[in-house]
Amino acid sequence: MTRKKIAELYARLHALDPEPKGELHYVNPFTLLVAVALSAQATDKGVNKATGPLFQVADTAEKMAALGEEGLTEYIKTIGLYRTKAKNVIALSRKLLAETGGEVPADRDYLETLPGVGRKTANVVLNIAFGQPFIAVDTHIFRVGNRTGLAPGKTPAQVEEVLERVTPPDYKLHAHHWLILHGRYICKARKPDCWRCPIADLCAFKPKTPPPAEGKG
DNA sequence: CTCCCGATAT
DNA sequence: ATATCAGGAG
């Protein structure tokens with residue numbers, strides 16, 4: 001995609017949503033870290049349903065560690081991959097407690113040493129909790145980057161590298177949310193709503209199926 | 001590459 | 001019924 005088209009793409013997403021926000025619930029960097037760790041292969045709504053009661057009881061590494069694996073499991077049983085997640089969240093809470101006193105460091109290399117925390121989760125925490133211009137590539141952004149031609153890549157790491165390189169500096173802080181929200185509500189995995197897409201004319205993907213029939217208005 | 005794994009949309 | 005959902009580890 002040309003630099004001109006890329007600038008136009010971001011300008012439109014910006015105009016439509018000047019202050020885009022994520023939909024995972026959290027109250028501090030630690031709860032954001034946990035919420036994102038729980039969100040792998042799960043919906044935001046499902047995660048929020050579980051973290052509501054959970055964070056009321058445990059909103060710090062110390063309290064989370066005190067819950068223990070069995071205690072945490074009772075809160076997150078409704079989330080997919082819950083056994084692995086319970087193990088990881090308790091382990092990362094204990095690790096933070098031992099190594100930083102429970103504080104979440106704004107350091108990507110350190111964050112990636114935590115169990116259950118990879119590149120994507122670390123980038124989300126740095127971007128959302130600490131306001132740093134990193135672009136976390138999740139399933140939505142991976143799809144949007146490839147479909148549109150904005151950031152093609154065979155792996156999330158490649159897509160991230162391209163996004164980092166082609167995204168104008170002024171847009172880097174919000175690029176993550178713009179692209180993820182676009183992917184969630186317009187550029188959907190199964191049936192993308194290209195007919196109401198604000199950047200369709202800039203996009204490499206051309207749908208074969210026509211828009212659904214209008215209800216009588 | 002496989003495994004993990006319940007809820008929801010289609 | 002099945003694809004998908006704010007992935008990460010072995």
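Nothing here was measured: the structure is a model prediction, and the numbers come from that model. Naming: A, B, ... by sequence-line order, numbering from 1 per chain.
Here A:Gly118 lies in heavy-atom contact (under 4.0 Å) with sugar-phosphate atoms only. The residue A:Val117 sits close only to the backbone: its heavy atoms come under 4.0 Å of sugar-phosphate atoms, none of a base. Among the heavy atoms of the strands, none lies under 4.0 Å from A:Gly183. No engagement by A:Leu181 is indicated, since no non-hydrogen atom pair under 4.0 Å with the nucleic acid exists.
Between the CD atom of A:Glu112 and the C1' atom of C:dG7 there is a distance of 12 Å, rounded to whole Å. Whole-Å rounding puts the A:Asn48 CG to C:dC5 P distance at 17 Å. Distance NE2 (A:His25) to P (C:dA6): 13 Å, rounded to an integer number of Å. Protein atom NZ of A:Lys85 is 14 Å distant from nucleotide atom C1' of C:dA9, rounded to whole Å. Note: NZ (A:Lys87) to C1' (B:dC5) measures 15 Å, nearest angstrom. With rounding to whole Å, A:Leu81 atom CG is found 15 Å from C:dG10 atom C1'. Remark: P of B:dA9 and CZ of A:Arg190 are 11 Å apart, rounded to the nearest angstrom. Atom-to-atom, CG of A:Asp44 to C1' of C:dC5 comes out at 9 Å; the value is rounded to the nearest Å.
Sequence order on DNA chain B of the closest nucleotides to A:Gln41 and A:Lys188 puts A:Gln41 first from the 5' end. Each of A:Pro115 and A:Leu24 lies near DNA chain C, and the nucleotide nearest A:Leu24 is the one positioned closer to the 5' end.
On the C1' atoms, C:dT4 is 13 Å away from B:dC5, given to the nearest whole Å. Separation of the P atoms belonging to C:dG8 and B:dA7 is 23 Å when rounded to the nearest angstrom. When the P atom is used for both C:dA1 and B:dC4, the distance is 24 Å, rounded to whole Å.
Annotation: proximity of residues 142-168 of chain A to DNA chain C (heavy atom, distance under 4.0 Å) is found for A:Arg143, numbered in ascending order.
In this pair, A:His177 does not lay its aromatic ring on the base of C:dA6; centres under 5.5 Å and planes under 30 degrees do not both hold.
Counting only heavy atoms from C-beta outward, the side chains of A:Thr73 and A:Arg83 never approach each other to under 4.5 Å. Within the 4.5 Å cutoff, the side chain of A:Leu33 has heavy atoms near those of the A:Leu114 side chain. Looking at heavy atoms from C-beta onward, A:Leu16 lies in side-chain contact with A:Pro198 at the 4.5 angstrom threshold.
Other residues, nucleotides and ligands contribute at most 12 non-hydrogen atoms within 6.0 Å of the CD atom of A:Glu62. Remark: A:Arg3 CZ is loosely packed, at most 12 non-hydrogen atoms of other residues, nucleotides or ligands lying under 6.0 Å away. Within 6.0 Å of NZ on A:Lys188 lie more than 12 heavy atoms contributed by other residues, nucleotides or ligands.
Here B:dA7 is the nucleotide among C:dC5, B:dA7, C:dG7 with the atom lying nearest to any side-chain atom of A:Thr78. Checking B:dC5, C:dA6, C:dT4 against the side-chain heavy atoms of A:Ala189 singles out C:dT4 as nearest.
For the OP1/OP2 pair of B:dC3 and a distance below 4.0 Å, the side-chain nitrogens and oxygens of A:Thr84 include no atom meeting the criterion. Between A:Thr139 and C:dC5 there is a side-chain N or O to OP1 or OP2 distance below 4.0 Å. Close to C:dG8, at under 4.0 Å from its OP1 or OP2, lies no side-chain N or O of A:Arg119. The side chain of A:Lys49 contributes an N or O atom lying less than 4.0 Å from OP1 or OP2 of B:dT8.
Using a cut-off of 4.0 Å between Lys/Arg side-chain N and Asp/Glu carboxylate O, A:Arg119 and A:Glu160 are scored as salt-bridged. A salt bridge does not link A:Lys45 with A:Glu23: none of the charged nitrogens is closer than 4.0 Å to a carboxylate oxygen. Taking the charged nitrogens against the carboxylate oxygens, A:Glu8 and A:Arg12 do have a contact shorter than 4.0 Å, which makes a salt bridge.
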